Amino acid sequence: MTPAPLDPHALEELGRTRMPFGKYAGLYLLRLPEPYLVWFQRQGFPPGKLGQQLALALEIKINGLERLCAPLVPKDP
């Protein structure tokens, strides 16, 4: 999948987006386990924005950037 040009607000939005379905429904995308994201990569990311966000979340994890992005994820009560 070729990455689209990065919107300046894409990381902020990624941090606020929750997984809409499946085993991890409701979990913030940046908190999804890496093996789950790798599974999506192998199976094919969903089409559209969600697929792009999942691919970006995987790149962040693969490159060890989770700590830099952690402040973007809201704190749950």
Side-chain angles (χ1 to χ4, degrees):
M1 172 180 239
T2 304
L6 191 58
D7 176 331
H9 302 289
L11 286 176
E12 291 175 357
E13 189 173 356
L14 176 63
R16 294 187 309 265
T17 302
R18 293 178 184 263
M19 187 66 186
F21 60 83
K23 180 178 182 178
Y24 295 103
L27 195 64
Y28 289 106
L29 297 182
L30 285 174
R31 292 193 180 147
L32 291 172
E34 187 174 332
Y36 186 64
L37 294 169
V38 169
W39 178 85
F40 264 113
Q41 183 183 42
R42 288 184 183 146
Q43 298 298 315
F45 289 112
K49 187 174 188 174
L50 178 61
Q52 291 173 352
Q53 288 177 315
L54 290 170
L56 181 55
L58 179 58
E59 285 299 317
I60 287 168
K61 289 179 180 281
I62 287 172
N63 290 295
L65 301 173
E66 292 175 90
R67 288 184 61 194
L68 291 175
C69 296
L72 300 173
V73 180
K75 306 282 187 262
D76 282 335

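Sequential numbering from 1 along the given sequence is applied to the chain's residues. Just so it is clear, the model here is predicted, and its values are computed rather than measured.
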task = Indicate yes or no: at least one non-hydrogen side-chain atom of L54 is less than 4.5 angstrom from one of M19.
result = yes
message = With rounding to the nearest 0.5 angstrom, report the CG to CZ distance, L72 to R16.
response = 9.0 Å
ask   = So, for Y28 and R18, which heavy atoms are closest and what is the spacing to 0.1 Å?
value = OH-NH2, 2.8 Å
request  = First locate atom CG of L27, then atom OG1 of T17, and finally report the distance between them rounded to the nearest 0.5 Å.
outcome  = 12.0 Å
ask   = How long is the span from the NZ atom in K49 to the CG atom in L14, to the nearest 0.5 Å?
value = 10.0 Å
query = Roughly how far apart are R31 CZ and E66 CD, rounded to 0.5 Å?
reply = 11.0 Å
message = Using side-chain contact (heavy atoms from CB on, under 4.5 Å), reason through F21 and L50 one step at a time and then give a plain yes or no.
response = CA-CA 11 Å; F21 60 83; L50 178 61; 3.5 Å; yes
note = Residues C69 and L30: closest non-hydrogen pair is CB-CD1, 4.0 Å
query = F40 vs F45 aromatic rings, parallel, tilted or perpendicular, using cut-offs 30° and 60°?
reply = parallel
query = When rounded to the nearest 0.5 angstrom, what distance separates CD in Q53 from CG in L11?
reply = 10.5 Å
remark   = Rounding to 0.5 Å, atoms CG (L56) and CD (E13) come to a distance of 11.0 Å
request  = Could you pull out the closest heavy-atom pair between L37 and L32, with the gap in Å?
outcome  = CD2-CD1, 3.9 Å
inquiry  = If you compare all heavy atoms of L29 against all heavy atoms of A57, which two are closest, and at what distance to 0.1 Å?
reply    = O-CB, 4.0 Å
ask   = Which pair of non-hydrogen atoms, one from P74 and one from G15, has the smallest distance, and what is that distance?
value = CD-O, 3.3 Å
ask   = With sequence neighbours left out, what residues match E59 under salt bridge (Lys or Arg N to Asp or Glu O under 4.0 Å)?
value = none
note = Those residues at least two apart in sequence (or on a different chain) that pass side-chain hydrogen bond (donor to acceptor under 3.5 Å, both in side chains) with E34 are none
